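Before any comments, here is the structure.
Source: prediction; values computed, not measured. In what follows, chains carry the letters A, B, and so on, assigned in the order in which the sequence lines appear, proteins first and then strands, with residues in each chain numbered from 1.
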Number of protein chains: 2
Amino acid sequence: MIELRHLRYFRVLAETLHFGKAAELLHISQPPLSRQIALLEEALGVKLFDRSRRRVELTEAGRRFYLDTGAVFSAFEQAKRNALATARGDAGELSVGFMMSTAYSITPTVTRRYAAHYPQVNLKLAETLPLDLAEDIYSGNKDVAIMYRPQDCTGLETITIFREPMMVVLPPGHRLRGRDVIDPAELAGEIFIVTPKRIAPALHDMIVSYCLQHGVTPNVGLEINMQQSIVNLVGEGMGIAIVPRSMRNMRLSTTTFKPLKNAPIIEVVAVWKNDNHNPCIATFVESAEQAWRDVEAAWSEEERC
Amino acid sequence: MIELRHLRYFRVLAETLHFGKAAELLHISQPPLSRQIALLEEALGVKLFDRSRRRVELTEAGRRFYLDTGAVFSAFEQAKRNALATARGDAGELSVGFMMSTAYSITPTVTRRYAAHYPQVNLKLAETLPLDLAEDIYSGNKDVAIMYRPQDCTGLETITIFREPMMVVLPPGHRLRGRDVIDPAELAGEIFIVTPKRIAPALHDMIVSYCLQHGVTPNVGLEINMQQSIVNLVGEGMGIAIVPRSMRNMRLSTTTFKPLKNAPIIEVVAVWKNDNHNPCIATFVESAEQAWRDVEAAWSEEERC
DNA sequence: GCCTCGCATAGTCACAAGCTATAGAACAAT
DNA sequence: ATTGTTCTATAGCTTGTGACTATGCGAGGC
């Protein structure tokens with residue numbers, strides 16, 4: 001059976017055309033080289049060298065074989081490089097799911113950064129309802145999710161990649177538009193627009209329990225799946241809402257965002273299954289963490305100014 | 001050092017995902033397979049399989065490596081095929097030189113046939129003066145020459161690939177135009193247009209000695225290198241000439257070709273050096289010989305009709 | 001004609017690939 | 001739980017073969 005050894009020996013001999021020198025380059029002695037070349041020729045059924053006892057030269061077939069075995073080694077080296085890169089998470093494929101409500105904040109930052117640092121990774125991004133995200137991670141359908149911290153995390157790894165306070169959004173001409181900070185107690189009686197508990201349990205529970213803690217039972221007049229839609233509907237005068245601060249980035253002129261007293265902090269996390277061995281997960285998470293540190297640093301810089 | 005054996009084992013295991021079955025397919029027992037896979041992983045520095053004691057599956061890197069090693073084996077198989085084809089003379093490069101005077105007869109027939117049968121051979125055709133052809137063969141500059149049989153053939157192999165009688169060409173309005181066959185004795189006093197002895201010794205000597213045998217000393221009034229030019233000049237009334245029959249194929253309306261009594265036969269041969277090991281020479285010569293047999297068969301068919 | 005060069009052959013050694021036997025983990029069935 | 005089954009890994013031995021040294025032998029050079 002022909003092995004890479006035979007091809008290695010052949011190529012060095014083809015380059016030197018001298019058994020002694022080739023053997024020296026290969027760190028073996030001359031007789032085994034003679035023997036291995038003879039075995040190679042026998043296995044191929046083709047004479048690769050014309051050799052008198054004095055001179056060695058390539059046959060036509062040998063010349064051809066020299067060119068072609070170059071491709072064999074290129075392919076082999078490429079295979080090794082790719083395997084290493086893939087194992088390190090520098091190359092491969094990564095499916096990332098994200099909640100639409102992070103599309104104005106951390107998701108673009110993180111994914112742009114990752115794509116720039118790891119161009120050999122084929123990054124597949126898909127907007128997904130929070131409800132489905134955890135399921136996709138469990139099933140292995142997606143590798144990483146960017147979502148609000150889920151309540152049940154058994155078998156999952158999470159890391160915080162974004163934190164922001166919740167704010168209240170007010171419709172045009174609302175009685176509280178003049179205020180700097182709003183106490184939730186003042187929101188009693190307002191119509192609240194909220195995501196359904198089924199779709200985004202963490203977010204829903206956070207808002208409800210925050211209100212209850214401040215003595216208000218929110219009057220949920222409208223259930224809407226997406227944060228963006230909620231803000232739009234507030235703009236249409238359908239009610240008020242408590243949403244993550246980054247929703248301001250929608251820059252909808254009809255709405256007003258106001259800080260809340262003792263505002264709850266919402267946490268966006270990257271989530272992955274700890275027995276999912278796609279090595280790109282590690283590089284992605286590392287990159288996302290760094291992106292968050294950069295954002296935090298930029299914010300404290302802003303505050304100082 | 002990683003050998004093809006490791007890659008072969010890896011690929012079968014990657015396909016079966018079962019050490020026992022893979023080992024059986026490879027006609028080895030299971031323990032050495034485990035060991036060789038472990039050695040491969042160690043040499044690469046990459047885990048290729050996730051294996052519990054119970055289940056085997058590919059890692060990301062392993063999946064990638066499986067794809068890439070496919071290319072390694074493709075390249076290797078290609079190299080083997082090409083080496084075999086080259087050794088058999090089915091592929092490669094062949095330089096063929098030919099005299100322009102065969103451009104109306106055997107050269108197109110032979111080369112078209114060869115190109116059709118051996119499409120993988122890169123055939124390099126070059127028109128060459130007979131003088132230079134032998135030299136090109138000796139020096140290895142060309143592999144095969146198509147030419148009139150040379151006088152000195154030491155170190156050369158030759159094979160006849162075409163035979164044709166010489167004919168006399170007459171200018172417009174010549175006194176002998178009405179004759180069916182011409183006796184060379186009747187050509188006494190005519191101006192002969194002949195190739196210089198230096199350029200095509202075989203052809204020159206054949207014509208001169210033929211004339212002498214028939215009691216005529218040819219009056220060489222014009223020396224012209226190429227047969228085609230000679231026929232053209234006969235058409236211009238510059239003299240008469242004795243040329244190979246296939247020169248009729250020029251279809252020059254001003255000239256008249258007449259058979260000669262006891263016409264000498266000119267032989268076109270393929271010539272190659274017997275220590276030139278280009279395997280395409282063998283296939284080319286074989287093909288040329290067959291082409292000649294076909295032409296002969298077609299001729300005797302014509303005569304019968 | 002002798003010497004040198006350089007590839008091939010002969011004979012020996014050692015390493016590693018392969019074998020058998022078995023341990024030990026994971027899962028299934030009772 | 002317990003036992004059986006199914007796999008992979010490990011241990012220890014055997015053997016094939018790649019590599020080494022010594023030498024043969026033909027081709028050129030002096």
Set out, line by line, the N/O atom pairs under 3.5 Å between protein and nucleotides 28-30 of chain D.
none

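- Using a 3.5 Å distance cut-off with no hydrogens or angles, the side chains of A/Thr283 and A/Arg88 do not pair a donor with an acceptor.
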Checklist outcome for this item: Reading nucleotides 17-22 of chain C from 5' to 3' and marking B where a protein heavy atom lies under 4.0 Å of the base, S where only the sugar-phosphate is that close, and - otherwise, the string is SBBBB-
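- At most 12 heavy atoms of other shown residues, nucleotides or ligands fall within 6.0 angstrom of atom CZ in A/Arg163.
- Checking A/Thr86 against B/Glu60 by side-chain atom types alone, no donor-acceptor pair falls below 3.5 Å.
- What separates CD of A/Glu3 from P of C/dA16 is a distance of 15 Å, to the nearest Å.
- Rounded to whole Å, atom P of D/dT8 lies 14 Å from atom CG of B/Asp50.
- Remark: the backbone N or O of A/Ala288 is not paired with any side-chain donor or acceptor of A/Arg113 at under 3.5 angstrom.
- Among A/Asp143, A/Val285, A/Leu156, the one residue that satisfies the side chain to side chain contact (heavy atoms under 4.5 Å, CB included) test with A/Trp272 is A/Val285.
- Distance, A/Leu40 CG to D/dG18 P: 12 Å, rounded to whole Å.
- No side-chain donor from either of A/Glu135 and A/Ser139 sits under 3.5 Å from a side-chain acceptor of the other.
- A sub-4.0 Å separation between OP1 or OP2 of D/dC7 and a side-chain N or O of B/Arg51 is absent.
- Between the side chain of B/Glu41 and the backbone N or O of B/Leu48, at least one donor-acceptor pair lies under 3.5 Å.
- Between the CD atom of A/Glu24 and the C1' atom of D/dC20 there is a distance of 16 Å, given to the nearest Å.
- One interatomic measurement links the two molecules: CG of A/Leu7 to P of D/dG18, which rounds to 14 Å at whole-angstrom precision.
- Between the CE atom of B/Met1 and the P atom of D/dA19 there is a distance of 11 Å, rounded to whole Å.
- Spacing between atom CD of B/Glu41 and atom P of D/dA9 amounts to 9 Å, rounded to whole angstrom units.
- Panel note: side chain A/Thr59, backbone A/Gly62; a donor-acceptor pair is recorded below 3.5 Å.
- Atom pair A/Phe19:CZ and D/dG26:P shows a separation of 18 Å (rounding to whole Å applied).
- Taking 4.5 Å as the limit, every side-chain heavy atom of A/Thr109 sits out of range of all side-chain heavy atoms of A/Phe162.
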